Structures are given as structure tokens and as C-alpha cells.
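Below you'll find the structure, written out as C-alpha cells, and then a few comments.
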2 protein chains.
Amino acid sequence: MAKPSKENTPITEHLAYLLAQANREINRQLELRLSKEGVPVEQWRILKVLSDGNGHSMGELADAVLLNHPTLTKMIDRMVSDTLVYRVQDPNDRRKVLMFISDRGKVLSRKLNSLAVDQEEHILESYGDKSTSELKRLLESLIDSSN
Amino acid sequence: MAKPSKENTPITEHLAYLLAQANREINRQLELRLSKEGVPVEQWRILKVLSDGNGHSMGELADAVLLNHPTLTKMIDRMVSDTLVYRVQDPNDRRKVLMFISDRGKVLSRKLNSLAVDQEEHILESYGDKSTSELKRLLESLIDSSN
DNA sequence: TTGAAAATATTGAATATTCAACAATTGAAG
DNA sequence: CTTCAATTGTTGAATATTCAATATTTTCAA
């Protein structure tokens with residue numbers, strides 16, 4: 001019996017493709033909601049991370065919000081112009097810049113969170129509680145196993 | 001007892017974020033392998049879809065490979081220059097353009113598939129057979145429920 | 001049959017992202 | 001101490017993506 005070859009697997013069966021497709025779709029939906037406040041998904045992430053009130057360096061932020069450094073720098077430039085966040089030089093390591101959320105940023109962050117929560121709840125409804133938490137668990141473990 | 005508020009959920013617990021993170025990581029790994037042939041992930045997808053030998057319209061292709069139309073048009077322009085694919089006007093509907101894979105494209109496609117299969121096997125090893133198929137199942141069903 | 005609306009693909013301008021080079025600071029070896 | 005390598009963040013040029021406008025063809029209603 002011939003050993004089953006994976007060479008002709010349709011693209012829709014590749015994990016990489018399924019992840020890209022699911023991510024694209026969920027992201028599109030989230031984008032749609034956040035557009036009510038005229039804010040891209042990445043800015044929601046940035047505000048969410050910073051809303052712990054602590055200072056976060058650019059490198060740390062870039063990791064957390066899944067952007068590479070130059071892209072983050074330029075996005076932060078815009079957010080500083082919009083007075084949503086501000087930069088402070090790290091006194092302990094003057095190479096670093098610490099980012100903080102402003103009061104205006106906090107107000108916006110609350111609105112965005114509520115839009116994001118809306119979406120999560122919408123997913124829970126149409127996709128189910130069980131599937132959602134199981135999917136989250138598997139994704140976390142995939143991410144873990146990739147490091 | 002206070003009703004649990006989701007407003008302060010850390011970003012790492014949002015499905016949208018987990019999907020983005022997992023997708024980024026898996027995509028990065030795939031990119032790394034395909035870079036051996038100097039080809040971006042999207043071109044692998046295009047070649048894979050076209051390797052059924054049939055003609056596919058630009059719209060159909062754009063859906064299948066998760067690119068929007070103008071981006072696809074420009075990527076196809078490059079691939080035509082590299083003689084990996086070619087355009088034919090659809091005789092039944094002259095608004096449409098049918099894309100076909102060339103012989104050179106087929107040769108490249110085989111190499112790319114083997115690199116992609118390598119990755120899937122690597123994932124199976126580190127992440128496990130069971131988890132992988134379960135994750136795929138859940139992703140498919142999430143995508144379904146989003147349409 | 002005609003004319004307006006829809007579908008399909010491309011183009012060019014505006015934006016955004018990425019890559020490589022740079023500047024500043026820190027760490028660490030000699 | 002001094003010097004050289006590593007770390008951190010930004011910049012500018014090169015690329016890539018997106019949005020809006022366009023051209024072409026088809027569909028379909030009047």
C-alpha cells in the first residue's frame with residue numbers, strides 16, 4: 001500500500017492557512033467595531049497593554065502588540081500627536097523610552113474595550129462557549145510549543 | 001456578589017489576540033522555510049491553488065489566497081514576469097482573467113510544497129497529532145460560523 | 001433593443017510597512 | 001579606566017498595501 005503523500009494536500013488543510021483565514025476574519029470583524037472610534041486594532045492593543053498604568057519600553061511593547069520596532073515607533077508618533085500616550089526617558093537605562101497612557105487614552109481605552117468585549121460575546125453566541133474556550137486553550141499551547 | 005466584568009481582561013485572553021499571535025508565529029516559521037526559494041508565503045498559496053491545472057479568475061484567487069484585489073494584481077504581475085503563471089482572457093466572460101500555472105511554476109510549486117510539508121511535520125512533532133487535528137477542526141468550525 | 005446598474009480587473013496616488021543604517025547608551029573584557 | 005561589542009530606539013529610502021477612480025464587459029429591466 002502506498003504511503004499517503006501530503007504533497008497534494010489542499011491548501012485549506014494546512015494549519016498555517018487555517019490560522020491565517022481565521023485571523024483575517026476575526027480581525028476584520030474587530031476592525032469593523034473599532035472603526036466606530038476611528039482606531040486601528042493595533043492602537044487598541046497598545047492602549048490595552050499600557051492601561052495597567054505602568055511604563056513599558058518600546059521593545060516590550062513591540063513584542064506585546066505584535067508589531068516590529070519601526071512600525072511601532074511610527075504608530076506611537078501618531079498616538080503622541082493625538083495625546084493618547086506619552087514618552088518618558090527611562091531614568092535607569094537611558095537607551096530606553098518608557099511609554100505611558102494619558103487620561104485621554106484611558107477614556108478611549110475603556111470605549112474600545114467595551115467594543116472588543118461586544119465582539120467576544122458575539123463569538124461566544126454563534127460559536128459556543130465550549131468551542132471558544134477549547135480553541136483558546138489550544139492556541140495558547142501552540143504558541144507555547146513554538147518557543 | 002459582583003458580576004464578573006470582562007472590561008479588564010488582559011489582552012492575552014482575547015481570541016482575536018491569540019489568533020493573531022499564533023498566526024504570526026506559524027507564518028514566520030513558514031516564511032523562513034520558503035525563503036530558501038526566495039518566495040513569499042502568498043506566492044506559495046497562489047501556486048498551490050493554481051496547481052490543480054484549472055484556470056482561476058482573479059476574484060476567485062483573491063478570496064482563496066486571502067489577498068485583496070489590487071494587491072493580488074500586483075503580485076501576479078511579478079509572477080508573470082518570473083514566468084511562474086500566465087493570464088488568459090476568459091472566453092465565456094471577457095471581464096474575467098483566468099490565471100494558469102506554467103511548467104516553471106509547477107516545478108517551483110513542488111519544491112515549496114515539500115518545504116511546507118516539512119513545517120507541518122515539525123508542528124506535529126512538537127505540538128502533537130491530537131492537538132493539531134483538534135485545532136484544525138475548531139478553526140474550520142470558527143470560520144464556518146463566521147459566515 | 002437600449003440604457004442603467006452590477007461585476008470584474010487594473011491603475012495611480014496616498015499610506016503604511018520594512019530593511020538597513022545610524023545614534024546613543026550600557027555592559028563587559030582586558 | 002578604556003575600548004569594543006551588544007542593546008535600544010529612531011530615521012530615511014525602498015517596498016508593499018490600500019483606497020478611490022477608471023475601463024471594460026455583462027446583466028437585466030423597461
Side-chain angles (χ1 to χ4, degrees), chain A residues 20-21 23-25 27-32 34-35 38-46 49-50 54-82 84-100, chain B residues 20-21 23-25 27-32 34-35 38-46 49-50 54-82 84-100:
Chain A
Q21 197 182 1
N23 178 51
R24 187 179 160 89
E25 179 58 26
N27 204 57
R28 201 189 54 77
Q29 289 174 17
L30 181 56
E31 217 164 46
L32 199 66
L34 298 187
S35 72
V39 169
V41 174
E42 289 79 12
Q43 289 198 18
W44 166 63
R45 292 197 198 128
I46 292 171
V49 170
L50 294 187
N54 299 324
H56 295 259
S57 74
M58 292 297 280
E60 194 189 336
L61 247 192
D63 280 353
V65 305
L66 314 177
L67 290 176
N68 48 20
H69 291 216
T71 306
L72 179 63
T73 292
K74 285 154 192 173
M75 183 159 286
I76 289 287
D77 285 347
R78 282 179 292 241
M79 294 176 78
V80 169
S81 299
D82 296 342
L84 296 171
V85 299
Y86 56 94
R87 289 178 164 97
V88 174
Q89 170 131 262
D90 185 338
N92 296 116
D93 183 341
R94 282 162 38 231
R95 289 170 303 183
K96 293 188 185 173
V97 170
L98 297 180
M99 298 305 312
F100 290 89
Chain B
Q21 198 181 0
N23 178 51
R24 186 179 162 88
E25 180 57 27
N27 203 58
R28 199 188 55 75
Q29 290 173 17
L30 181 55
E31 217 163 46
L32 200 65
L34 298 187
S35 72
V39 169
V41 174
E42 290 78 12
Q43 290 198 17
W44 166 64
R45 292 196 198 129
I46 292 171
V49 170
L50 294 187
N54 299 323
H56 294 260
S57 74
M58 292 297 281
E60 195 188 334
L61 247 192
D63 280 353
V65 305
L66 314 176
L67 289 176
N68 49 21
H69 290 218
T71 305
L72 179 63
T73 291
K74 285 156 193 172
M75 183 159 285
I76 288 288
D77 286 346
R78 282 183 291 250
M79 294 176 78
V80 169
S81 299
D82 296 342
L84 296 171
V85 300
Y86 57 94
R87 290 176 162 97
V88 174
Q89 171 132 261
D90 185 338
N92 296 118
D93 183 341
R94 283 162 36 230
R95 288 170 303 182
K96 293 188 184 173
V97 170
L98 297 181
M99 298 305 312
F100 289 90

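Protein chains get the first letters and strands the later ones, always in sequence-line order, with residue 1 at the start of each. Keep in mind that this is a model prediction, so the values were computed, not measured.
- The interatomic distance linking M99(A) (CE) with dT8(D) (P) rounds to 17 Å, in whole Å.
- Between S57(A) and dT8(D) there is no side-chain polar atom (N or O) within less than 4.0 angstrom of OP1 or OP2.
- When distances are taken from the side chain of P70(A) to each of dT17(C), dT11(D), dG9(D), the shortest belongs to dT11(D).
- As rounded to whole Å, 14 Å separates atom P of dT8(C) from atom CG of L61(B).
- If H56(B) and Q89(A) are placed on DNA chain C by their nearest nucleotide, the residue sitting closer to the 5' end is H56(B).
- Taking atom CG of L98(B) as the reference point, atom C1' of dT8(C) lies 12 Å away to the nearest angstrom.
- The residue among N92(B) and D93(A) whose nearest nucleotide of DNA chain D is located toward the 5' end is D93(A).
- Interatomic distance, I76(A) CD1 to L50(A) CG, rounded to the nearest 0.5 Å: 6.5 Å.
- Contact check, R95(A) against dA6(D): no side-chain N or O comes under 4.0 Å of OP1 or OP2.
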Checking side chain to side chain donor-acceptor pair (under 3.5 Å) for the pair E25(B)/Q21(B): CA distance, chi angles, key distance, verdict?
CA-CA 6 Å; E25(B) 180 57 27; Q21(B) 198 181 0; over 6 Å; no

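- Nearest to the side chain of V97(A), among dT10(D), dT18(C), dT26(C), sits dT10(D).
- Side-chain proximity of T71(A) to dT10(C), dT17(C), dG9(D): nearest is dT17(C).
- Atom CG in N27(A) sits about 12 Å away from atom P in dT18(D), given to the nearest Å.
- The NZ atom of K74(A) sits 10 Å away from the P atom of dT18(C) (whole-angstrom rounding).
- Interatomic distance, CZ of R87(A) versus CE of M58(A), reported as 5.5 Å (0.5 Å rounding).
- Here the CZ-CG distance, from R28(B) to L32(B), works out to 6.5 Å after rounding to the nearest 0.5 Å.
- Here dA16(C) presents its P atom at 10 Å from CD of Q43(A), a figure rounded to the nearest Å.
- Here the rule is side chain to side chain contact (heavy atoms under 4.5 Å, CB included) with M75(A), and of V65(A), L67(A), V80(A), L61(A) only L67(A) fits it.
- Distance D77(B) CG to dT10(C) C1': 9 Å, rounded to the nearest Å.
- For R94(A), the side-chain atoms get nearest to dT26(C) when compared with the rest of dA20(C), dG9(D), dT26(C).
- Between R78(A) and dT15(C) there is no side-chain polar atom (N or O) within less than 4.0 angstrom of OP1 or OP2.
- Rounded to whole Å, the distance from CD on E60(A) to P on dT7(D) is 17 Å.
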